[in-house]
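Below, chains carry the letters A, B, ... as their sequence lines are ordered, and counting in each starts from 1. The model shown is predicted, which means the values in this text are computed figures rather than measured ones.
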There are 2 protein chains.
Amino acid sequence: MRIGEVADKAGVSVRALRYYEEQDLLPADRSPGGQRHYPDTAVGRVRLIQQLYAAGLPSRVVRDVLPCVDSGEAHPALLDQLESERARIDQRITDLLDVRDRLDDVIAITRDPDADCSPML
Amino acid sequence: MRIGEVADKAGVSVRALRYYEEQDLLPADRSPGGQRHYPDTAVGRVRLIQQLYAAGLPSRVVRDVLPCVDSGEAHPALLDQLESERARIDQRITDLLDVRDRLDDVIAITRDPDADCSPML
DNA sequence: CTAGAACCTGACGTTGACGTCAGGTGCAAA
DNA sequence: TTTGCACCTGACGTCAACGTCAGGTTCTAG
């Protein structure tokens, strides 16, 4: 597959794919003329990269954990990093849940001002 | 309180506080000499701002929702925005849970390679 | 064989949330 | 009163994850 097709199927820009190659996240072979050529698995890999980005992992970390998530197993040396990333993600989930609850309160009260839970002044 | 103390107590930089004022997130009165002076409540507000940032809300949105979260109720006109932000946060939580599960799989397999759940080749 | 779509490599632009530096001022303690 | 730390206002730097533009090449359809 050429780069445009991968971009379409994965729902990202061509520029993004070139960026991923630059960052060693997504290798590509080249045609004799120099055009990038990707295997079919590239689409899934791009989706995975997007998911990791969406989870807030910076590209450096993505680069490190990608091979593990790909293969399903990590070099033991990476275990610490994986666990610290796991912890960071856990913390983010907690934070997000908290913010969501706050927003829910505001939304509920705005919809039905009588059901106010805050202390009356 | 002067800016340095607020920064210390809230665990952010002085620069960040000046930035928040610039963005109309955190007003400050001034001493005759022009130095910023904050009420005690500023520390909590800064923590809230940080929490909203951590949740991925851009400062424009934070500026809009801050008064609501402060007061516990929103101008009805903001309800749509609040709900769309809530949805965005929900999506992020889902993504994070998914990524966390993937990491858990990798970690588990790395720790105990025999307990492999993936299809055997 | 040729038009033109898709691709290529630089390289500069963008946005957000600050960091950092320069050059000057406020203020509390000794 | 003088030291000297905390503070002030610009204003430029940074980093990530691309967007975008310029100027040239490759590939494919007709």
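Salt bridge status for A:E21 with A:R18: absent, with no side-chain N to carboxylate O gap under 4.0 Å.
Taking B:R111 as the reference, A:E83 meet the salt bridge (charged side-chain N to carboxylate O under 4.0 Å, His left out) condition, with sequence neighbours excluded. Residues that satisfy the salt bridge (charged side-chain N to carboxylate O under 4.0 Å, His left out) test with B:E5, not counting sequence neighbours, are B:K9. For B:R47, there are no salt bridge (charged side-chain N to carboxylate O under 4.0 Å, His left out) partners, not counting sequence neighbours. In this structure, the side chain to side chain contact (heavy atoms under 4.5 Å, CB included) partners of A:S13, at least two apart in sequence or on a different chain, are A:R15, A:A16. When the salt bridge (charged side-chain N to carboxylate O under 4.0 Å, His left out) test is applied to B:R45, the partners found at least two apart in sequence or on another chain are B:D70.
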Using distance only, find each side-chain donor-acceptor pair of residues 92-99 of chain B under 3.5 Å and give its atom names and separation, not counting sequence neighbours.
from: B:T94; atom 1: OG1; to: B:D90; atom 2: O; distance (Å): 3.0
from: B:D95; atom 1: OD1; to: B:Q91; atom 2: NE2; distance (Å): 3.1
from: B:D98; atom 1: OD2; to: A:Q51; atom 2: NE2; distance (Å): 2.5

Please tabulate, for the side chains in residues 52-63 of chain A, all donor-acceptor contacts under 3.5 angstrom to protein atoms that are two or more places apart in sequence or on a different chain.
from: A:R60; atom 1: NH1; to: A:D64; atom 2: OD2; distance (Å): 3.3
from: A:R63; atom 1: NH1; to: A:Q23; atom 2: O; distance (Å): 2.7

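With rounding to whole Å, B:Q51 atom CD is found 16 Å from C:dA17 atom P.
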Reading nucleotides 7-19 of chain D 5' to 3', which nucleotides get B (base under 4.0 Å from a protein heavy atom), which S (sugar-phosphate only), which -?
-> SSB-B----SBBB
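Neither OP1 nor OP2 of D:dT26 sits under 4.0 Å from any side-chain N or O of A:S31.
The stretch residues 81-97 of chain B does not touch DNA chain D, since none of its heavy atoms comes less than 4.0 Å from the strand.
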